[in-house]
Engineer: 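Before we start, here is the structure in question, set down as structure tokens.
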Amino acid sequence: QVQLVESGGGLVQTGGSLRLSCAVSGLTFSSYAMAWFRQAPGKEREFVAAITWSGKYTPVADSVRGRFTISRDNTKNTVDLEMDSLKPDDTGTYYCAALRTYADYLLPTRPRDYGPWGQGTQVTVSS
């Protein structure tokens with residue numbers, strides 16, 4: 001049974017930091033690229049960051065570049081998202097997702113290209 005379980009969300013003030021983690025089981029983790037997406041109320045799910053199976057390529061959305069960092073540990077089957085200098089616009093439910101690929105560059109950024117998905121963790125940034 002494939003499971004992606006996010007953790008680390010919460011309430012933080014503007015300028016604060018959070019570290020999200022996604023624990024993956026039931027699949028060969030090192031065969032998958034991983035990504036983080038987010039969805040604010042009333043808005044579409046949007047790409048945040050991704051990481052290739054090796055960790056070599058890590059595209060991030062323009063809106064979070066320089067503030068968010070994605071990383072993975074293939075020995076622990078986890079992918080993390082370090083979020084610094086948080087803003088109210090970063091508020092939303094954050095989801096991790098997997099994509100089976102050995103590509104080490106040019107990952108997709110559309111939600112429909114990824115699966116399976118976790119259930120999400122809520123991040124709220126107060127002003």
Side-chain angles (χ1 to χ4, degrees):
Q1 179 182 0
V2 176
Q3 284 191 310
L4 285 72
V5 180
E6 301 95 337
S7 62
L11 173 64
V12 64
Q13 291 185 332
T14 296
S17 298
L18 282 175
R19 187 177 184 91
L20 305 183
S21 187
C22 176
V24 180
S25 60
L27 52 77
T28 304
F29 186 67
S30 59
S31 298
Y32 285 75
M34 299 297 298
W36 287 93
F37 290 79
R38 67 186 181 187
Q39 188 165 18
K43 295 188 177 181
E44 294 186 350
R45 194 167 297 190
E46 65 174 1
F47 172 79
V48 176
I51 187 166
T52 54
W53 71 272
S54 69
K56 184 182 299 185
Y57 180 59
T58 56
V60 297
D62 289 343
S63 59
V64 306
R65 184 168 291 113
R67 301 187 297 122
F68 290 12
T69 304
I70 188 171
S71 61
R72 68 187 292 159
D73 187 334
N74 286 351
T75 66
K76 297 181 180 179
N77 288 10
T78 58
V79 56
D80 291 349
L81 184 69
E82 176 69 33
M83 307 186 296
D84 299 318
S85 302
L86 283 161
K87 306 174 182 179
D89 284 349
D90 296 319
T91 294
T93 303
Y94 282 69
Y95 300 89
C96 70
L99 169 64
R100 184 177 174 87
T101 178
Y102 282 113
D104 233 356
Y105 59 95
L106 294 179
L107 293 175
T109 59
R110 300 178 304 185
R112 64 185 181 189
D113 291 321
Y114 286 82
W117 290 78
Q119 292 300 305
T121 185
Q122 178 66 35
V123 171
T124 303
V125 184
S126 63
S127 57

Engineer: Between T93 and Q39, do the side chains contain a donor N or O and an acceptor N or O under 3.5 Å apart?
Structural biologist: no

Engineer: Using a strict cut-off of less than 4.0 Å between a Lys/Arg side-chain nitrogen and an Asp/Glu carboxylate oxygen, indicate whether D90 and K87 qualify as a salt bridge.
Structural biologist: no

Engineer: When you check the side-chain N and O atoms of T52 and Y105, is any donor under 3.5 Å from an acceptor?
Structural biologist: no

Engineer: Quick one: OH on Y57 to CD1 on I70, what's the gap to the nearest 0.5 Å?
Structural biologist: 12.0 Å

Engineer: Above 12 or not: heavy atoms from other molecules or residues under 6.0 Å from CD of Q119?
Structural biologist: no

Engineer: To the closest 0.5 Å, what do you measure between CG (L81) and CZ (R72)?
Structural biologist: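 Separation between the atoms: 14.0 Å.
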
Engineer: Donor-acceptor pair, distance only, cut-off 3.5 Å: does the side chain of T124 make one with the backbone of T91?
Structural biologist: no

Engineer: Using a 4.5 Å cut-off on heavy atoms from C-beta on, say whether the side chain of M83 contacts that of V123.
Structural biologist: yes

Engineer: Any donor-acceptor pair under 3.5 Å linking the side chain of W117 with the backbone of A97?
Structural biologist: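 Such a contact is absent between W117 side chain and A97 backbone.
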
Engineer: State whether the side chain of R19 and the backbone N or O of E82 hold a donor-acceptor pair below 3.5 Å, judged by distance alone.
Structural biologist: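 No.
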
Engineer: Check the orientation of F47 and F37. Use parallel for under 30°, tilted for 30 to 60°, and perpendicular for over 60°.
Structural biologist: perpendicular

Engineer: For R65, look at atom CZ and say whether over 12 heavy atoms of other residues, nucleotides or ligands are found less than 6.0 Å away.
Structural biologist: yes

Engineer: How long is the straight-line distance from SG of C96 back to CD1 of I51, given to the nearest 0.5 Å?
Structural biologist: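 So the gap between those two atoms works out to 12.5 Å.
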
Engineer: Testing the 3.5 Å rule here: is there a donor-acceptor pair between the side chains of D80 and S71?
Structural biologist: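 Looking only at side-chain atoms, S71 and D80 do not form any donor-acceptor pair under 3.5 Å.
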
Engineer: Ring-plane angle category for F68 and Y94, please: parallel below 30°, perpendicular beyond 60°, tilted otherwise.
Structural biologist: tilted

Engineer: Side chains of R38 and V64: closer than 4.5 Å at any heavy-atom pair?
Structural biologist: yes

Engineer: Would you say T14 and P88 make side-chain contact, with heavy atoms under 4.5 Å?
Structural biologist: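 SC-SC contact between T14 and P88 confirmed.
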
Engineer: Taking atom types as modelled, is there a side-chain donor on S30 or N74 under 3.5 Å from an acceptor on the other?
Structural biologist: no

Engineer: Under 4.0 Å between a Lys/Arg side-chain N and an Asp/Glu carboxylate O for D104 and K56?
Structural biologist: yes

Engineer: Strictly distance-based, threshold 3.5 Å: is any side-chain N or O of T121 a donor or acceptor partner for the main-chain N or O of G9?
Structural biologist: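 Checking the backbone N and O of G9 against the side chain of T121, a donor-acceptor pair under 3.5 Å is found.
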
Engineer: List the atom of A98, the atom of M34, and the distance in Å for their closest heavy-atom pair.
Structural biologist: CB-SD, 3.6 Å

